[in-house]
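Below: one structure, written as structure tokens.
These values consider heavy atoms only, across backbone and side chains, with no hydrogens, waters or symmetry-generated copies. In this text, all values refer to a predicted model and were calculated from it rather than measured experimentally.
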Amino acid sequence: MAKEKDTGDYQFSFDDLNPDYQDPKEEKKKRRKRTKDALAEIEEKIIDVEYSEVMRKSYIDYSMSVITARALPDVRDGLKPVQRRIVYDMSELGVAADKPHRKVARIVGDTMGKYHPHGDASIANALVVQAQDWKQMAPLVDGHGNFGSIEGDGAAAPRYIEARMTRYTEDVLLSDLKSDTVDFIANYDEQEKEPVILPAKLPNLLINGAEGIAVGMATSIPTHNIGEVIDAACHYLDHPEATTAELMEFLPGPDFPTGGIVANRSQLKEIYETGQGKIRLRGRMHLEEGKTRDYFVITEIPQTMIGEGIGKFLQSVADLVENKTLPEITDIANQSSKEGIRIVIEVKKGADLPYIENVLYKKTKLEDTFGVNMLAICKGRPETLSLADIYREFTAFQYEIYTRKYRTILRKAEKKREVDEGLVQAIDMVDTIIEVLRGSKTVKMAKNCLMTGNTEGIKFKTQEAERLAKSLCFTDLQATAILELKLSRLVGLELEVLKEDLAKVLRLIRKCERLLGSRAEMRAEIKKGLVALREKYAAPRRTALLDLSEAAIQEKPEEILPVYVLIDRFHYIHAVDPSVYERNKENAGDYRHVFLTATDQKLIIFTEGGKAHTLKVKDIPLTKFKEKGVPIDNISGYESKDEIVTAILPLDAKQELIFVSSDGFVKRVDFKEFDVTRKTVDATKLMDGARIVAIQPFTGESIALYTRKGYHIRFMQEEIPKQGKGARGAIGIRLEADDEVTEVNDGAKLRFTKRGGKGKK
């Protein structure tokens, strides 16, 4: 709507200045209508769903993605996706076993960029593990450089170390990859192709085992001996109905790279039948005798101890020595090297060796449990598999890849036979073919004559040559091969080679047809391949399978020794032998507390704040007289920086203690109430601002209380009521405002009064 303004001689509108001008009111109406229409359209598209159902479906989708695409191995080739992609990428890069090593950073980058779009660190770690022979029975990667150690040292950065495939990887996982044995799919960005599975010729899931944590589930499969795995596979091929018990005649149990001992052999059958259970592992240890010392030497460790477990084992042994469980051990040394594990434990001559051995098995990781959960991807979903299940799936996979392999070989052989037959026939009538080639104007004309005998447009020297040319009837493939034939192949000896080649091709075709036409023949071929791999890769068993009883410790009675406990003014504490104390007792005045006690006794540390801290005498270091000892708070719950000690007394269950608090309350408590397992307990009940002034043994004599304002009271200890440690007590002296008890003694020169009075000044 135009708005006009009177300017005198000339009238103009806003439309003259701005042709696109819109009335604000009209524009507002249009905006409202557009908004209303948009909301109506949105309402039509709203889908009413249950929020919990959406969350459930999303979580299931995420879980299955992690399970199938990240964490669990496939039962057929025994590899997780990242492992499979690393191996395939190395084959594509040409990093073969007979080629130079390549930088791990190069392999990791290529794998991440082409096939596995996840963190480079996780890919590098997966590659490193595949090269560690203390984790893998048959390493898939040949590492060059620092790939870590069995003691838990990490590998060097990917830019420093190099790798290539092992012969095992090439022979077992990749040898038939290019024979159309498995399907290929597009990679994550559809720029490359990758195999769905690798055509494994051995049950790699059993040989190298597996570890992985998915969402709500985890896999843990032990490693096995290659020769035994193959023997069981051969038996299953011949006896598809074989039970787990029958398979265990060939594969009796796990075989770990670190050796050791399986101590519960009788339970393995149930584990292999259910796919779940616990294997009890032990390290291998022997005794070496010396002149003044004996030595336990550990040469093999449980698989669960590799990595940081070795350091933890050494610390566990040190702790057993420190807490006097194994005081006979005088030293422990880790002498392991590239040659193998060697941990030496030095013990005193005459020590109880069977007891020490049992304690090491019971109290350290020298005996440990390996949890088995044979979970793998089977037919696209996670399943817990028995030993027989694994061999069933492996055998079916072998029939599949061998069938596809020989179909591919047959298809190629038939093409080669066609070509070879054509070439043999062509050499027999080479003069006619040369006439055709010489007289043809184009290659197309010559090829047409070779295939159909059409000589139109071709010039021949003789009618006989033209007559023979008209009889030609080669196939398209044969005609192409003839046109590409080199003149050198026309030599007489070359014809014989060609005929021999044709004979080989015919034999190969007959073999393929025989294998594809008979399951028995195919079974024999698969078995032949297994036997060949056994001869090449089988090795002696490393892990012994035994039935051993669990280590039992018959607790030895502790030797009770008398000791003097010395505590200085800085609360450093140590113990000395009584004979040592007697020789130095003239210097004992430097110590604030001196007790004659025994190693089976306890000391109770009472603090002003009403706490009682228990300290076992056996935990106090036994040292020389002049040594400083250790701070009390290092071996007890007492905190020297926060608490002030009122009394330190040897525990005597037959004794009573008298408590006196600063607010004038007193009580008697049985000392045995402080004989508790907890290191720290409340010694008494205190009111706000009150503190414990004195704690002393009950003697039945007199006791006197003195206050800061000069009041004192003396009464007999029998007047003090006997109460529990949680009680406040009874009034010992009535205090004036702002007064408090500051000192306690026997008050030998004071007059007696009754407890609870105001006292005298």
Side-chain angles (χ1 to χ4, degrees), residues 151 260-261 263 280-302 304-305 309-336 340-368 546 548-566 573-581 597-603 615-625 627-630 634-636:
E151 297 179 39
I261 300 169
R280 191 154 51 87
L281 300 179
R282 275 190 180 183
R284 199 183 291 271
M285 180 168 60
H286 67 269
L287 184 67
E288 294 180 2
E289 295 185 1
K291 291 183 179 180
T292 60
R293 292 285 189 272
D294 290 331
Y295 304 90
F296 280 111
V297 180
I298 299 167
T299 55
E300 296 177 9
I301 60 175
T304 52
M305 196 194 284
I310 295 178
K312 291 180 180 178
F313 168 74
L314 299 175
Q315 184 59 50
S316 296
V317 175
D319 291 342
L320 290 171
V321 176
E322 187 175 343
N323 64 26
K324 297 181 175 59
T325 302
L326 291 177
E328 301 92 343
I329 292 178
T330 56
D331 191 22
I332 181 170
N334 184 6
Q335 300 176 4
S336 304
I341 292 292
R342 182 177 171 85
I343 300 173
V344 180
I345 300 174
E346 180 184 291
V347 298
K348 298 175 183 176
K349 271 288 184 182
D352 187 347
L353 300 180
Y355 173 77
I356 295 173
E357 184 177 2
N358 280 339
V359 172
L360 290 175
Y361 282 132
K362 190 74 174 178
K363 299 288 189 180
T364 73
K365 292 293 184 179
L366 193 59
E367 178 172 310
D368 202 6
L546 304 172
L548 302 175
S549 58
E550 290 194 36
I553 303 174
Q554 185 175 359
E555 296 291 343
K556 296 193 300 184
E558 292 185 8
E559 185 180 4
I560 301 173
L561 300 174
V563 292
Y564 272 92
V565 175
L566 309 175
I573 186 171
H574 65 120
V576 297
D577 186 86
S579 61
V580 174
Y581 177 79
T597 181
T599 52
D600 64 334
Q601 298 300 309
K602 299 177 182 178
L603 298 183
L615 174 60
K616 294 180 180 179
V617 174
K618 68 177 184 179
D619 292 337
I620 302 171
L622 189 65
T623 67
K624 297 178 181 178
F625 187 86
E627 289 188 7
K628 192 173 185 180
V630 298
N634 282 9
I635 54 176
S636 72

side-chain contact (heavy atoms from CB on, under 4.5 Å) partners of [X], counting only residues at least two apart:
X    : value
N334 : E151, I310, L314, S336, I343
P578 : P562, Y564
V630 : I573, P621, I635
A333 : Q335

What is the distance from atom CD of E300 to atom CD1 of I261, rounded to the nearest 0.5 Å?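 Output value for this atom pair is 7.5 Å.
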Test of understanding: with side chain to side chain donor-acceptor pair (under 3.5 Å), list the residues that count as partners of E322, not counting sequence neighbours.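 For E322 there are no side chain to side chain donor-acceptor pair (under 3.5 Å) partners, ignoring immediate neighbours.
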Does atom NZ (K324) have a neighbourhood of more than 12 heavy atoms from anything else shown, all under 6.0 Å? yes
List the steps, then state whether side chain to side chain contact (heavy atoms under 4.5 Å, CB included) holds for L360 with M285. CA-CA 10 Å; L360 290 175; M285 180 168 60; 4.1 Å; yes
Please give me the minimum heavy-atom distance between [X] and [Y], naming the atom from each residue.
X    : Y    : value
L320 : N323 : O-OD1, 2.9 Å
Y361 : E367 : O-CB, 3.3 Å
F313 : L366 : CE1-CB, 4.0 Å

Test I620 against L603 for side chain to side chain contact (heavy atoms under 4.5 Å, CB included), laying out the working first. CA-CA 10 Å; I620 302 171; L603 298 183; 4.0 Å; yes
Lys/Arg-Asp/Glu bridge criterion (N-O < 4.0 Å) met for K616, D619: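 Salt bridge: no.
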I'd like to know whether I332 forms a side chain to side chain contact (heavy atoms under 4.5 Å, CB included) with V321, so could you lay out the CA-CA distance, the side-chain angles of the two residues, the decisive distance to 0.1 Å, and finally the verdict. CA-CA 10 Å; I332 181 170; V321 176; over 6 Å; no
Under the salt bridge (Lys or Arg N to Asp or Glu O under 4.0 Å) definition, can you give me all pairs with a residue in residues 288-298, not counting sequence neighbours?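 Those involving residues 288-298 are E288-R342, R293-E346, D294-K349.
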